[in-house]
Amino acid sequence: MSEWVALAIAMAAACAVVVAVVVLRHRRVGTEKKADETPDVIEYITMMIGVVYAIVLGLAIAGVWEARGAAQDDVFREAQSLQEVSDRAVVYPVEVRDKIRADVDAYVSYVVDVEWKYMRDHGAISDKGTELLDKVRADVATRAPASELEAQSYQPIMDRIGQADDARNARGQNAGPTMPGVVWFGLVVGAIVTIGMLFALQIRRTPRELILAGCFSALIAFLLFMIWDFDDPFGRSVSVTTQPFTDLFPQLGLGGGD
């Protein structure tokens with residue numbers, strides 16, 4: 001089932017539950033209570049619960065959005081560092097340069113075509129990808145500079161490989177859900193309490209009040225879905241893409257693991 005279809009079903013279900021509870025409640029009571037029968041203290045508590053929950057939702061959304069942005073930056077940094085390694089290899093003899101570039105291309109192809117799906121399925125980076133990047137490092141580290149130009153380029157190339165390795169490790173740490181379970185518990189319980197407080201206000205069966213209550217519950221369901229979708233930067237519909245690799249290595253004709 002598509003995640004967007006699941007969202008539509010969840011929002012519709014939230015609306016249906018609220019409307020059904022209101023209707024059944026009034027049928028059971030038999031008469032509609034007036035709105036002014038709600039004590040002022042209940043209105044005040046309901047307002048405070050809504051404000052507190054809105055703050056929690058806002059912080060959760062900001063947190064997962066920031067994590068997704070950081071993950072996308074790490075992917076771009078990794079791809080850019082590898083592209084600079086490939087470009088700087090021009091100072092080496094043809095056979096060495098071609099070997100370095102071939103190993104970089106092999107690593108990039110593996111990341112885009114294989115490892116991206118591996119991260120979605122396992123929530124971690126693969127050992128094979130680590131081996132391919134180590135091979136690129138070994139190509140440079142095990143060769144003694146044969147000229148002054150190679151000696152000057154050696155450290156910058158090793159620095160770029162180190163940056164790619166750091167970005168790769170950061171990508172691995174961001175793979176899989178990042179939000180603690182206790183936060184999810186608070187978000188779900190808070191949603192139940194916030195929506196449940198609607199009934200403390202003694203909403204009636206008028207179309208206007210039912211529509212507002214349904215829209216409010218659907219909005220809560222949408223915001224929770226958005227947090228859930230952003231919580232896994234590499235595994236869900238609004239995920240980090242491999243575009244930096246495909247843009248910086250167009251010669252590989254990569255299809256992408258998005």
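Values reported hereafter were calculated over all heavy atoms of this structure, with side chains retained and with hydrogens, waters and symmetry mates removed. Only a predicted model underlies this, so the values are computations on that prediction, with no experimental measurement involved. Position 1 is the first residue of the sequence; numbering continues from there.
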For Gln163 and Glu84, what are the C-alpha separation, side-chain angles and deciding distance, and is it a side chain to side chain contact (heavy atoms under 4.5 Å, CB included)?
-> CA-CA 11 Å; Gln163 290 173 6; Glu84 290 187 19; 5.7 Å; no
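- At least one side-chain heavy atom of Arg97 sits under 4.5 Å from a side-chain heavy atom of Val94.
- In this structure a side-chain-to-backbone donor-acceptor pair under 3.5 Å is present from Ser217 to Gly214.
- Closest of all the heavy-atom pairs between Pro145 and Glu150 is CA-OE1, 3.6 Å.
- Cluster membership for Met226 and Trp65, using ILVMFWY side-chain heavy atoms within less than 4.5 angstrom, is shared.
- One hydrophobic cluster holds both Leu149 and Tyr154 under the rule that ILVMFWY side chains link at heavy-atom gaps under 4.5 Å.
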Passes side chain to side chain contact (heavy atoms under 4.5 Å, CB included), Tyr92 versus Lys99? Steps please.
-> CA-CA 10 Å; Tyr92 290 103; Lys99 187 175 188 309; over 6 Å; no
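- Contact of the Ser86 side chain with the Gln251 side chain is not registered, since no non-hydrogen atoms from C-beta on lie closer than 4.5 Å.
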Side chain to side chain contact (heavy atoms under 4.5 Å, CB included) between Thr241 and Thr246, intermediate numbers included | CA-CA 10 Å; Thr241 69; Thr246 57; over 6 Å; no
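- Of all heavy-atom pairs spanning Ala175 and Ala124, the tightest one is CB-N, 3.9 Å.
- With rounding to the nearest 0.5 angstrom, the CZ atom of Arg88 is 11.0 Å from the CD1 atom of Ile161.
- Taking all atoms of both residues into account, the shortest heavy-atom contact from Ile157 to Ala89 is CD1-N, 4.3 Å.
- With hydrogens and angles disregarded, no donor-acceptor distance shorter than 3.5 Å links the side chain of Asp74 to the backbone of Ala167.
- In this structure, the separation between OG1 on Thr130 and CZ on Arg168 is 4.0 Å, given to the nearest 0.5 Å.
- Under the 3.5 Å distance criterion, the side-chain polar atoms of Thr178 are matched with a main-chain donor or acceptor of Asp231.
- Put simply, Leu219 and Ile61 are part of the same group of oily side chains (I, L, V, M, F, W, Y) that touch within less than 4.5 Å, one to the next.
- Between Arg68 atom CZ and Asp229 atom CG the span is 9.0 Å, to the nearest 0.5 Å.
- For the pair Val64 and Trp228, the minimum side-chain heavy-atom distance is 4.5 Å or more.
- Side chain of Ser126 to main chain of Gly129: a donor-acceptor pair is present (N/O by atom type, distance under 3.5 Å, no hydrogens or angles).
- Here the side chains of Val85 and Tyr107 are not in contact, with every heavy-atom distance at 4.5 Å or above.
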Stepwise, does the side chain to side chain contact (heavy atoms under 4.5 Å, CB included) test hold for Arg171 with Val111?
-> CA-CA 11 Å; Arg171 172 160 60 85; Val111 168; 4.0 Å; yes
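- Note on Arg137 versus Asp134: salt bridge recorded, some NZ/NE/NH1/NH2 to OD/OE distance being below 4.0 Å.
- Ile192 and Val52 are not part of a single hydrophobic cluster, where members link through side-chain heavy atoms under 4.5 Å apart.
- Salt-bridge check for Arg101 with Asp98: failed, with every basic side-chain N at 4.0 Å or more from each acidic carboxylate O.
- Salt bridge Lys135/Asp139: absent, no basic N to carboxylate O contact under 4.0 Å.
- Considering only heavy atoms from C-beta on, Val104 stays 4.5 Å or farther from Gln83 through its side chain.
- Contact between Ile125 and Gly172 at its shortest, heavy atoms only, is CG2-CA, 3.5 Å.
- Note: Gln80 CD to Asp247 CG = 12.0 Å, rounded to the nearest 0.5 Å.
- For the residue pair Glu148 / Gln152, a side-chain donor-acceptor distance below 3.5 Å is found, with atom types taken as modelled.
- Put simply, the side chain of Leu82 reaches to within 4.5 Å of the side chain of Phe249, judged on heavy atoms.
- Here the straight-line distance linking atom OH of Tyr110 with atom CH2 of Trp116 works out to 13.0 Å at 0.5 Å rounding.
- Of all heavy-atom pairs between Phe245 and Val108, the closest is CD2-CG1, 3.8 Å.
- Residues Val112 and Phe76 are members of separate hydrophobic clusters, defined by side-chain heavy-atom contacts under 4.5 angstrom among Ile, Leu, Val, Met, Phe, Trp and Tyr.
- Judged purely by atom type and a 3.5 angstrom limit, Tyr53 uses its side chain to pair as donor or acceptor with the backbone of Leu187.
- Taken from CZ in Arg77 to CZ in Arg160, the straight-line distance is 12.0 Å, to the nearest 0.5 Å.
- For the pair Ser109 (side chain) and Ala106 (backbone), a donor-acceptor distance under 3.5 Å is absent.
- Of all the heavy atoms in Pro250 and Leu248, the pair that sits closest is CD-C, 3.3 Å.
- With hydrogens and angles left out, the side-chain atoms of Asp159 and Gln155 include a donor and acceptor closer than 3.5 Å.
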